[in-house]
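Whatever order the structure lists ligands and atoms in, that order sets their numbers, starting from 1. Residue numbers count from 1 along this sequence.
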Amino acid sequence: MAKARIAVVGAGLMGHGIAQVFALAGHDVTIYDSVAASLNSAKLRILANLKDLGDDQKAIERVTPISDLPQAVGDADYVVEAVLEDLPLKQNLFVEIEKYVRRETILASNTSVIPITKIMEGLKRRERALGTHWWNPPYLVPLVEVIETQWTSPQAVDFTMKLHAAAGKKPAHVKKDVPGFIGNRLQHALWREAIALVEQGICDAETVDKVIKAAFGRRLAVLGPLENADMVGTDLTLAIHKTVLPDIDSRPRPSPYLESLVKDGKLGFKSGEGFRKWSHEQQAALRLKVLQHLKKARAEDA
Ligand SMILES: NC(=O)c1ccc[n+]([C@@H]2O[C@H](COP(=O)([O-])OP(=O)(O)OC[C@H]3O[C@@H](n4cnc5c(N)ncnc54)[C@H](O)[C@@H]3O)[C@@H](O)[C@H]2O)c1
């Protein structure tokens with residue numbers, strides 16, 4: 001992939017990590033944020049990550065923070081937005097960005113769940129716009145979902161897929177702009193049933209997590225569900241579905257049990273209790289465990 005000029009708009013948790021990945025891949029990256037503190041800390045955060053991961057620290061020289069939006073995006077071949085999850089904010093920002101970029105510059109949003117179609121509907125050249133859904137932390141989780149809308153051109157999708165693959169990511173093409181894209185639909189189908197099992201008194205929250213982590217969770221990183229279905233046979237999968245699916249939670253709204261936790265202020269780590277109780281030490285230990293696991297997986301991929 002030829003060297004590209006990338007602009008990252010939003011220098012928070014996701015933005016600084018996305019900038020890091022592209023800089024490490026050899027691209028020149030400008031980064032913009034409307035909040036000076038975020039912009040000023042971006043390079044320090046990236047440098048700390050590069051050091052921690054043992055990556056080439058010279059990559060930091062390719063990152064340029066710029067506090068002026070027209071200047072930050074004006075020369076870019078590709079702009080990715082990672083500002084707060086707020087539809088009017090993102091809509092207005094893209095209309096603004098479009099005024100300053102070249103005709104062919106590709107525009108991407110890193111929204112978690114807002115439809116890309118909604119974010120991009122105000123653009124004059126909607127064929128150059130798409131979604132790129134990164135996962136946190138961007139420099140450790142390989143997947144980037146590349147979401148096209150009804151207007152996105154094949155060329156914009158192709159460029160974006162190649163850009164991310166060449167930067168060491170695993171891009172996945174999402175051909176329709178559906179809520180949750182692919183990853184969060186799958187993840188939350190599982191979470192819905194996990195919550196229903198607790199709600200129905202079949203087991204407690206700790207047991208749900210234990211069953212997943214000690215059984216199919218062990219295989220998931222190397223054996224996807226459809227590979228697994230083929231491995232055991234589609235006939236067996238059909239037989240299992242005939243028995244199990246009628247009993248699995250299929251309510252098209254959040255669980256009342258989840259709603260009651262939120263109403264009671266049981267918000268998880270942030271309040272010390274959610275499905276389970278969490279001391280500060282337990283929270284820190286779990287965060288560390290996840291980080292170490294992701295770092296190990298990245299080292300194994302390399
Ligand atoms: N955190 C995650 O795990 C995750 C994962 C995937 C996608 N996302 C999505 O990525 C986006 C960013 O999330 P985050 O976690 O990095 O949030 P964050 O709060 O860490 O960062 C958002 C940044 O946007 C900046 N900002 C706000 N208004 C702006 C404006 N008008 N112009 C420029 N910058 C502005 C803020 O100053 C802040 O630095 C959101 O859309 C979020 O849904 C987050």
Open item on the list: Please report whether the ring centroid of His164 lies less than 6.0 Å from that of Phe159.
Closed with: no
Task: Trp135/Phe181 aromatic ring centres below 6.0 Å - done: no
Counting from 1, what ligand 1 atoms have a heavy atom of [X] closer than 4.0 Å?
| X | value |
| --- | --- |
| Leu89 | 28 (N), 31 (N) |
| Ser38 | 37 (O), 38 (C), 39 (O) |
| Leu84 | 19 (O), 22 (C), 24 (O), 27 (C) |
| Thr111 | 41 (O) |
| Tyr32 | 32 (N), 33 (C) |
| Lys90 | 40 (C), 41 (O) |
| His133 | 6 (C), 7 (C) |

Open item on the list: Just to be sure I read this right, does ligand 1 sit under 4.0 Å from the backbone of Asn110, its side chain, both, or neither, counting only heavy atoms?
Closed with: both
Open item on the list: So for ligand 1, is Leu13 a polar contact partner (N or O within less than 3.5 Å, distance only)?
Closed with: yes
Open item on the list: Is it the case that ligand 1 has an N or O less than 3.5 angstrom from some N or O of Trp134?
Closed with: no
Task: Option whose closest heavy atom lies nearest to atom 40 (C) of ligand 1, chosen from Val9, Asn136, Asn184, Val83 - done: Val83
Task: Arg219 versus Asn228, closest heavy-atom pair with distance - done: NH2-ND2, 3.7 Å
Open item on the list: Below 4.0 Å from ligand 1: does a non-hydrogen atom of Trp135 turn up there or not?
Closed with: no
Task: Within-shell test, Glu81 vs ligand 1, heavy atom, strictly < 4.0 Å - done: no
Task: side chain to side chain contact (heavy atoms under 4.5 Å, CB included) partner of Ile66, chosen from Thr30, Ile31, Asp33 - done: Thr30
Task: Sole candidate of Asp177, Thr149, Thr152 that passes side-chain hydrogen bond (donor to acceptor under 3.5 Å, both in side chains) when paired with Thr117 - done: Asp177
